[in-house]
Protein chains: 2
Amino acid sequence: MTETAQTIHDMLQRLELFSSCSDDFLTKISSAAHLTTKPKGHMLFIHEDQADYFYLVKSGWVKIFRETLDGDQAIVDIFTNGHILGETSIFQDDIYPYSAETVEPSELVQLPLSMLKDEIETNPKFAMAMLSSMARYRKQQDQELEHRTLQNAPQRIGCFLLRLTDQSQSGGPVRIHLPYDKTLVASRLGMQPETFSRALKKLKQETGIEVKGSTIETDSLDRLVRYSCAACTSEFPCKDLETESG
Amino acid sequence: MTETAQTIHDMLQRLELFSSCSDDFLTKISSAAHLTTKPKGHMLFIHEDQADYFYLVKSGWVKIFRETLDGDQAIVDIFTNGHILGETSIFQDDIYPYSAETVEPSELVQLPLSMLKDEIETNPKFAMAMLSSMARYRKQQDQELEHRTLQNAPQRIGCFLLRLTDQSQSGGPVRIHLPYDKTLVASRLGMQPETFSRALKKLKQETGIEVKGSTIETDSLDRLVRYSCAACTSEFPCKDLETESG
DNA sequence: GCAATCAATTGACAATAGTCAAGGCAAACA
DNA sequence: TGTTTGCCTTGACTATTGTCAATTGATTGC
């Protein structure tokens, strides 16, 4: 096994999704995989293209989105470390259901869908893990839709910030760093950049957070939680909102 | 096998999701199932309750939703004939991820989750069918989120109406009947009843549809498609938007 | 048949978010 | 160092949607 293959093997092994896979399988798929570094703005695949590979994000950020004929786009999600994307195309006649593009310089592992399909069909535990991952993702997307329905712009931003924090540690001062452009955060939350800018200002007034460029600080998350989670059906800290799948 | 069990058996057999299941399994789960008729407004289960059963809708309509402490609710989806709901709780520690309530008088089949779990773990083809169903549903929810982002109220209504039509037959006059209250359609589309009422009026002006109570008529779908699908990433007719799973 | 109830519509107004245009700021580059 | 570029902010305005209140309309039950 090459050094790269070994690296990929170790990465996969650490993912919960692949925890039920044999070492043989991991070795085989790792050998067929490619690890690449892509600059910001690289298209991984396009909506409705023929799908032969799925991707694992090693580092960086990748947005998945769809766009209308006149260039308007809706961002479905933005993934980072340990998330996979494009894998659902094996259930969609090998057609990608969305487009994917790096939004920061990113390290990506390209893996053959055919081997994933084989493994699902032959390893019941893996199929179960896959189902589990999809159910978790689905719940997350349901919540996303809920937020669009019940939360206004400042609340959606507050919720976004909270999800960037380590929710296990509460109390005490917190520093949050936006992982990518504000314009992109805006789009991820379904609003215009101008709205984002003004809504962040409002959030500052309402919760006393400090905004310095792409860093947000606050003495305590309390006020942020009270303000943002008021219009939500889940209580803070939101559980089950982590998933590897995309 | 009782007569009811036989009825349920036959229903399940006709669903794509269960097409890979043995007759033995269908007989077994049908015998453990209950077929009930519920009036409008009956709660099937509540968000975060312990989940022991999943449900199949035989007729009528069931909304799945979540609500905040102050009673605001977000409707995730509304299901009818042949759709199942509550089944994802087996991947969520046997906790229902949303609440479910009938919105029309409905015939429902209550089925034990434990047997579903067994079948997934022992029948790889069924696991695959389950994955397939979830992937399809996921794509549909992604599109729902996209619509909230890109479409305005009249367009969302137009799109909703189009999805109620038989999209294979095009051209010629069409009559569409709203399957439940306008208030509920509004909520399903993430808007207030007042907004729905005004948006429907606007849609009428823009596309020439005729609105009489809960019946909508038009000489041709052309104008409706042109107006509603302009802000969408999929072209009409939208494929892959049908699923049995919920 | 009539009251009661709930759904739906409408008007007037408020709040929220989007659009367009103009600057400001900061990182990157020559 | 100065310029360029792209991101971000701000102002002024518009559009869309929400809110509250009143009314109409339709359906149900007595």
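All values below were derived from every heavy atom in this structure, side-chain atoms included, with hydrogens, water molecules and symmetry-related copies excluded. In what follows, chains carry the letters A, B, and so on, assigned in the order in which the sequence lines appear, proteins first and then strands, with residues in each chain numbered from 1. Quick caveat: nothing in here was measured; it's all calculated off a predicted structure.
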Short N/O separations, protein against nucleotides 27-30 of chain C, under 3.5 angstrom:
none

With the threshold set at 4.0 Å, does a side-chain nitrogen-carboxylate oxygen contact exist between [X] and [Y]?
X         : Y         : answer
Lys201(A) : Glu194(A) : no
Asp181(A) : Lys40(A)  : yes
Asp77(A)  : Arg188(A) : yes

Between [atom2] of [N] and [atom1] of [X], the distance in whole Å:
X         : N       : atom1 : atom2 : answer
Leu178(B) : dA7(C)  : CG    : C1'   : 13 Å
Ile157(A) : dC8(D)  : CD1   : C1'   : 13 Å
Leu203(B) : dT16(D) : CG    : P     : 14 Å
Tyr180(A) : dC8(D)  : OH    : C1'   : 17 Å
Asp72(B)  : dT17(D) : CG    : C1'   : 15 Å
Lys182(B) : dT10(C) : NZ    : P     : 9 Å
Asp181(B) : dT28(D) : CG    : P     : 11 Å

Test salt bridge (charged side-chain N to carboxylate O under 4.0 Å, His left out) on Arg156(B) and Glu146(B) and set out the steps. CA-CA 11 Å; Arg156(B) 289 213 296 284; Glu146(B) 177 201 308; over 6 Å; no
Specify whether Phe45(B) and Tyr96(B) have parallel, tilted or perpendicular ring planes, treating 30° as the upper limit for parallel and 60° as the lower limit for perpendicular.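 If you compare the ring of Phe45(B) with that of Tyr96(B), the planes turn out parallel.
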Take atom [atom1] of [X] as the centre, draw a 6.0 Å sphere, and report whether it contains more than 12 heavy atoms from other residues, nucleotides or ligands.
X         : atom1 : result
Phe65(A)  : CZ    : yes
Glu3(B)   : CD    : no
Asp219(B) : CG    : no

Is there any protein nitrogen or oxygen under 3.5 Å from a nitrogen or oxygen in nucleotides 17-19 of chain C, and what are the pairs?
unit_1  : atom_1 : unit_2    : atom_2 : d
dA17(C) : OP1    : Ala153(A) : N      : 2.8
dG18(C) : OP2    : Gln192(A) : N      : 3.3
dG18(C) : OP2    : Thr195(A) : OG1    : 2.7
dT19(C) : O4     : Arg198(A) : NH2    : 2.8

Decide yes or no on side chain to side chain contact (heavy atoms under 4.5 Å, CB included) for Asp49(A) and Ile95(A), but give the supporting numbers first. CA-CA 6 Å; Asp49(A) 269 7; Ile95(A) 301 289; over 6 Å; no
Quick one: do Arg163(B) and Glu144(B) satisfy salt bridge (charged side-chain N to carboxylate O under 4.0 Å, His left out)? Show the steps, please. CA-CA 12 Å; Arg163(B) 280 182 276 173; Glu144(B) 205 67 41; 3.6 Å; yes
Is the shortest side-chain heavy-atom distance between Thr102(A) and Trp61(A) below 4.5 Å?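 SC-SC contact between Thr102(A) and Trp61(A) ruled out.
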The side chain of Ser197(B) is closest to which nucleotide in this list: dA7(C), dT9(D), dT10(C)?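 My answer, after comparing the listed nucleotides, is dT10(C).
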Polar atom pairs between nucleotides 22-27 of chain D and protein, under 3.5 Å, N or O only, would you list them?
none

